[in-house]
Amino acid sequence: QVQVVESGGGSVQSGGSLRLSCAVSGYPFGVYCMAWFRRAPGKEREGVAAIDRVGKITYTDSVQGRFTISRDNNKKTLDLQMSGLKLEDTAMYYCAAERNCLGSAEWLLLQPDAFRSWGQGTQVTVSS
């Protein structure tokens, strides 16, 4: 059984930085597609960044240039380095993993239902 566990959320002032980490267990890590999604209060779930099977990365436009997603196949972790945080980045952030994925990173970012393994979420709160 695949398990996904996020960590690293917290509160930060606007302009600050946070690093989220996601640990995955239960399957050879290297074959996973993975992504970070977020859900802000009153809004729909949104794809933030995704990595497809061949390692291609994509970001949603609002975080491009501020967020960096990276994976460590040895540690079986997926990190999201967030810099220049804005008030609108406040949300619950979720890590998602899927081993039977075929889509591109761009497609995965728009398809949360393509991921069957999810973490419990970690809260990020940005204040002014």
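Keep in mind that this is a model prediction, so the values were computed, not measured.
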Side chain proximity check, [X] to [Y], heavy atoms < 4.5 angstrom:
X: Ile51; Y: Arg71; answer: yes
X: Tyr93; Y: Met82; answer: yes
X: Val124; Y: Leu20; answer: yes
X: Arg53; Y: Cys101; answer: yes

### Query
When the ring planes of Phe115 and Phe37 are compared, do they come out parallel, tilted or perpendicular, using 30° and 60° as the limits?
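Geometry flag for Phe37 against Phe115: perpendicular rings.
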### Task
May I ask you to decide if the ring planes of Trp118 and Tyr94 are parallel, tilted or perpendicular, using 30° and 60° as cut-offs?
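Perpendicular, since the angle between the ring planes exceeds 60°.
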### Query
Please walk me through it: do Ser21 and Asp79 pass side-chain hydrogen bond (donor to acceptor under 3.5 Å, both in side chains)?
CA-CA 4 Å; Ser21 187; Asp79 288 352; 2.8 Å; yes
### Task
Establish, for the pair Arg19 and Trp36, whether the NZ or CZ atom is under 6.0 angstrom from the six-membered ring centre and no further than 45 degrees off its axis.
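No cation-pi geometry.
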What's the shortest heavy-atom distance between [X] and [Y], and which atoms?
X: Ser14; Y: Lys86; answer: OG-CA, 4.4 Å
X: Ala50; Y: Leu108; answer: CB-CB, 4.3 Å
X: Thr125; Y: Gln123; answer: OG1-NE2, 3.4 Å
X: Glu46; Y: Ser62; answer: OE2-OG, 3.9 Å

Separation between [atom1] of [X] and [atom2] of [Y], rounded to the nearest 0.5 Å:
X: Ser11; Y: Leu85; atom1: OG; atom2: CG; answer: 11.0 Å
X: Met34; Y: Leu78; atom1: CE; atom2: CG; answer: 4.5 Å
X: Leu109; Y: Thr58; atom1: CG; atom2: OG1; answer: 6.0 Å

### Task
Say whether Arg99 and Tyr32, considering side chains only, have a donor N or O and an acceptor N or O under 3.5 Å apart.
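Tyr32 and Arg99 do not have a side-chain donor-acceptor pair below 3.5 Å.
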Do [X] side-chain atoms and [Y] backbone N/O form a donor-acceptor pair below 3.5 Å?
X: Gln81; Y: Phe67; value: no
X: Glu98; Y: Asn100; value: yes
X: Thr90; Y: Val126; value: yes
X: Asp52; Y: Lys56; value: yes
X: Arg66; Y: Gly84; value: yes

### Message
Are there over 12 heavy-atom neighbours, none belonging to Gln120, within less than 6.0 Å of that residue's CD?
### Response
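Counting other residues, nucleotides and ligands, CD of Gln120 exceeds 12 neighbours.
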### Task
State which residues pass side chain to side chain donor-acceptor pair (under 3.5 Å) with Glu88; sequence neighbours excluded, sorted by chain then number.
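In terms of side chain to side chain donor-acceptor pair (under 3.5 Å), with neighbours along the sequence ignored, Glu88 is linked to no residue.
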### Query
Of Val63, Thr122, Thr68, Val48, which meets side-chain contact (heavy atoms from CB on, under 4.5 Å) against Leu80?
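Single side-chain contact (heavy atoms from CB on, under 4.5 Å) partner of Leu80 among Val63, Thr122, Thr68, Val48: Val48.
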### Task
Identify, with sequence neighbours excluded, every residue that meets ring-ring contact (aromatic ring centres under 6.0 Å, His included) alongside Trp107.
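Applying ring-ring contact (aromatic ring centres under 6.0 Å, His included) to Trp107 gives none.
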### Query
Quick one: side-chain contact (heavy atoms from CB on, under 4.5 Å) partners of Val4, sequence neighbours excluded?
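In terms of side-chain contact (heavy atoms from CB on, under 4.5 Å), with neighbours along the sequence ignored, Val4 is linked to Val2, Cys22, Val24, Cys95, Ala97, Ser117.
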